[in-house]
Chemist: 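So that we are looking at the same thing, I have put the structure below in structure tokens.
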Number of protein chains: 2
Amino acid sequence: MKKKRPSLKDIAEVLNVSTTTVSFVLNGKGEEKKISKELIAKVEAYLKEINYKPNLVARSLRTGSTRVLVFMVEDISNHFFSKVGRLIEDISYKNDYRVLFCSTENDLKRTQDLIHLFHERQVDGFIIVPPLGIEDDIKHLMEHETPVILFDRKIPSLKTDYVVINNFEGAKTSTKHLIDSGYKNIAYITVDLDQGQMQDREAGYRAAIEEAGLNEITLKLPFNTTAVTESREKLKNFIKEHSNIDAIFFATNYLSQSGLKGIHQIDPNLINKLGIISFDDSGFFEMYSPTISAFAQPIEEMAEQLMRIMLKKLKEKDTKPEYLTLKGTLVARESSQPKTTKL
Amino acid sequence: MKKKRPSLKDIAEVLNVSTTTVSFVLNGKGEEKKISKELIAKVEAYLKEINYKPNLVARSLRTGSTRVLVFMVEDISNHFFSKVGRLIEDISYKNDYRVLFCSTENDLKRTQDLIHLFHERQVDGFIIVPPLGIEDDIKHLMEHETPVILFDRKIPSLKTDYVVINNFEGAKTSTKHLIDSGYKNIAYITVDLDQGQMQDREAGYRAAIEEAGLNEITLKLPFNTTAVTESREKLKNFIKEHSNIDAIFFATNYLSQSGLKGIHQIDPNLINKLGIISFDDSGFFEMYSPTISAFAQPIEEMAEQLMRIMLKKLKEKDTKPEYLTLKGTLVARESSQPKTTKL
DNA sequence: TGCTATTGCTGAATCGATTTAGTGTGAAAC
DNA sequence: GTTTCACACTAAATCGATTCAGCAATAGCA
């Protein structure tokens with residue numbers, strides 16, 4: 001049979017006090033509200049005895065706050081996002097906030113649904129990796145004074161805080177690293193999304209290639225999570241057609257992962273002849289054989305900055321937005337070492 | 001400046017009707033409640049015009065239902081769990097439920113916190129991969145008539161529904177597959193958890209080895225997410241000490257992933273000499289070089305069954321619990337093929 | 001003694017929806 | 001001519017917390 005959870009009213013009746021008193025004690029405001037020590041002790045003892053848990057839905061309705069934040073990224077199972085998410089969760093916990101995670105899959109409709117769902121449930125703040133076309137929905141949140149921080153990508157038309165990395169520098173550094181390892185024909189594999197961060201990475205690649213007087217070799221694959229196999233076939237054909245390629249720079253870690261599979265399918269030994277580097281690190285990369293080099297984003301710093309800004313915004317409304325562009329670091333592993341000895 | 005969200009009351013005042021009427025129309029009960037077609041049309045038009053979204057916190061307080069389910073697994077970034085989660089989300093969506101995902105990390109305290117957090121927020125149902133020691137908290141949920149379904153593992157003392165696979169058969173089949181491929185010295189790598197499913201897998205391995213008249217070679221690593229490196233060192237030493245091993249059966253996919261890294265560290269070419277199979281598939285396995293064989297759980301079927309049972313329990317209370325043990329399938333890839341040609 | 005201040009507590013409004021129990025009107029039934 | 005009933009709608013209670021406004025009793029002070 002169903003147990004009814006006791007309400008403040010039930011407790012007040014048992015103890016012969018008012019719900020107000022119980023509520024004050026429950027929220028630790030007993031002293032402040034001049035409740036006598038004896039009564040505080042009595043109420044606290046009873047609360048503990050029955051292991052009372054307040055109904056948070058009722059509390060939220062009254063206070064207008066849920067103490068819940070939402071972390072909305074492209075794909076929460078992606079190493080980069082899940083690491084940042086985990087750190088954010090820890091910081092939130094210490095500040096008595098809970099975090100809900102969800103994946104947008106870069107799908108506008110899905111993201112809009114999620115934003116509205118959570119907004120209707122009165123969550124207190126959003127950290128979002130914004131897909132293209134989401135401006136209006138985010139503006140809508142901002143009009144209701146719900147804190148929103150953009151992450152990984154910025155949207156120029158939105159005057160709200162963001163935390164991103166310097167994609168241009170990162171891509172340039174990575175490309176240079178391949179060049180320094182002796183590679184001459186470096187292909188750049190990216191997705192055909194008009195997102196700012198992707199354009200910056202491409203520009204970074206181009207800059208390094210031009211400075212070194214090499215030739216650009218670029219392939220843009222369709223961004224479409226359902227057609228992964230098709231994408232990989234295109235990549236395989238591209239590699240076969242450009243037999244002079246001696247290195248590949250993948251613009252994101254999921255491209256790399258699919259790409260490595262394609263390379264393996266062409267020839268299990270091909271991976272040992274190519275220089276490889278990926279933008280964004282992945283747990284997968286240090287387990288692969290050979291281990292894969294990557295340009296890693298500063299995960300801890302990003303999480304700390306995101307939460308610092310979020311907590312600030314939750315405390316005081318109408319703060320000036322902060323625009324943060326952080327630096328990443330190159331993680332050189334086996335895949336980007338000179339291969340001349342093996343050839 | 002802050003926009004206040006309109007409430008039903010505001011709308012009722014503007015339209016000069018009662019909040020009751022607006023609520024009926026909002027919930028599509030207009031006809032049933034004998035509201036005239038004209039008035040329904042007028043209210044609907046206005047609701048659409050201002051793009052009214054009800055306050056779901058208030059609705060939940062009144063109805064006692066949030067239309068939210070929780071999917072609580074060991075690690076949501078694990079391929080197996082994230083796949084099942086995604087399918088569950090789709091089915092839920094079609095039935096007007098939302099799903100929240102979270103990771104227990106097999107940590108009792110963390111899991112308890114999460115269960116209480118969501119219970120206090122009145123979520124409608126739980127699908128849980130239960131860590132050891134969680135019985136009482138789950139019993140507590142059941143006493144409050146909150147539907148709970150166990151997944152991946154069962155807890156004998158709990159009379160609630162579960163969906164698991166036949167771990168014994170799966171492990172036996174996998175081991176036999178290695179034997180059939182000609183391997184003679186098959187090591188079994190597992191974790192030192194007293195969980196039923198792990199014991200069943202080990203028993204399956206043992207049964208196949210005994211039937212074939214081979215020798216058991218078993219290594220139990222400590223389950224400890226923070227000491228991955230240490231674990232891997234133990235594994236490496238184990239492999240070095242047992243130089244006669246020609247195949248390895250990993251009891252879970254995360255063990256395999258760490259194990260593959262260890263094998264690579266010992267010698268990049270070692271992987272091509274060993275037969276490898278893993279319990280639980282992973283996206284990583286078909287990308288690895290060589291591709292890794294695995295015993296895969298029936299992901300679609302599990303998601304469908306879980307949601308079928310959940311929806312049934314949400315509709316009618318006091319249903320008889322269902323105990324489902326499904327079958328998995330062997331996915332033979334490169335890593336478990338005979339290696340005799342290469343030696 | 002009379003006045004204000006403080007202490008210690010409570011009644012009732014409130015958040016924004018849902019839902020029960022009606023209310024007033026006009027037409028049909030007897 | 002009264003009763004009944006369907007229709008079209010509404011007032012008010014309700015969910016379970018928080019919180020404002022206020023009350024009675026005692027203390028402090030002149």
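Note: hydrogens, waters and symmetry copies are ignored here, and every other heavy atom, side chains too, is used. Proteins come first, then strands; the chains are lettered A, B, ... in the order of their sequence lines, and each starts at number 1.
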Chemist: For B:Thr20, which contact category applies under a 4.0 Å heavy-atom criterion: base, sugar-phosphate, or nothing?
Modeler: base
Chemist: Is the backbone of A:Leu47 close enough, under 3.5 Å, to the side chain of A:Asn51 for a donor and an acceptor to pair up by distance?
Modeler: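 Answer holds: no.
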Chemist: Classify A:Thr21 by what it touches in the nucleic acid, base, sugar-phosphate, or nothing, heavy-atom distance under 4.0 Å.
Modeler: base
Chemist: Below 3.5 Å, does any donor atom in the side chain of A:Arg59 face an acceptor in the base of D:dT18, or the other way round?
Modeler: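 Between D:dT18 and A:Arg59, which were checked side chain against base, a qualifying N/O pair under 3.5 Å is absent.
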Chemist: Would you mind classifying the nucleic acid contact of B:Ser36 as base, sugar-phosphate or nothing, using non-hydrogen atoms under 4.0 angstrom?
Modeler: sugar-phosphate
Chemist: Please pick, from C:dT7, C:dC9, C:dG16, the nucleotide with the shortest atom-to-atom distance to any side-chain atom of A:Leu39.
Modeler: C:dC9
Chemist: Determine whether the side chains of A:Tyr162 and A:Asp152 contain a donor N or O and an acceptor N or O closer than 3.5 Å.
Modeler: no
Chemist: So, for A:Phe151 and A:Phe80, is the gap between ring centers shorter than 6.0 Å?
Modeler: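 Close enough - the centres of the two rings lie under 6.0 Å apart.
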Chemist: Between C:dT18, D:dG16, C:dA17, which one does the side chain of A:Ala58 approach most closely?
Modeler: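 Of all the options, the side chain of A:Ala58 is nearest to D:dG16.
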Chemist: May I ask you to verify if any side-chain N or O of A:Ser18 is less than 4.0 angstrom from the OP1 or OP2 atom of C:dG11?
Modeler: no
Chemist: If you check the A:Leu61 side chain, which of C:dT18, D:dC7, C:dG16 turns out closest?
Modeler: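 Nearest nucleotide to the side chain: C:dG16.
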Chemist: Check every strand shown and say whether B:Val17 touches a base, only sugar-phosphate, or nothing at a heavy-atom separation below 4.0 Å.
Modeler: sugar-phosphate
Chemist: Looking only at the side chains, is there a donor atom on one of B:Thr21 and B:Ser18 sitting less than 3.5 Å from an acceptor on the other?
Modeler: yes
Chemist: Among C:dA17, D:dT19, D:dT18, which nucleotide sits nearest the side chain of B:Pro54?
Modeler: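 Of all the options, the side chain of B:Pro54 is nearest to C:dA17.
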Chemist: Hey, does the side chain of A:Lys29 come within less than 4.0 Å of D:dT19's phosphate (OP1/OP2), counting only N and O?
Modeler: yes
Chemist: From D:dC9, C:dT7, C:dT10, pick the nucleotide closest to the side chain of A:Lys34?
Modeler: C:dT7
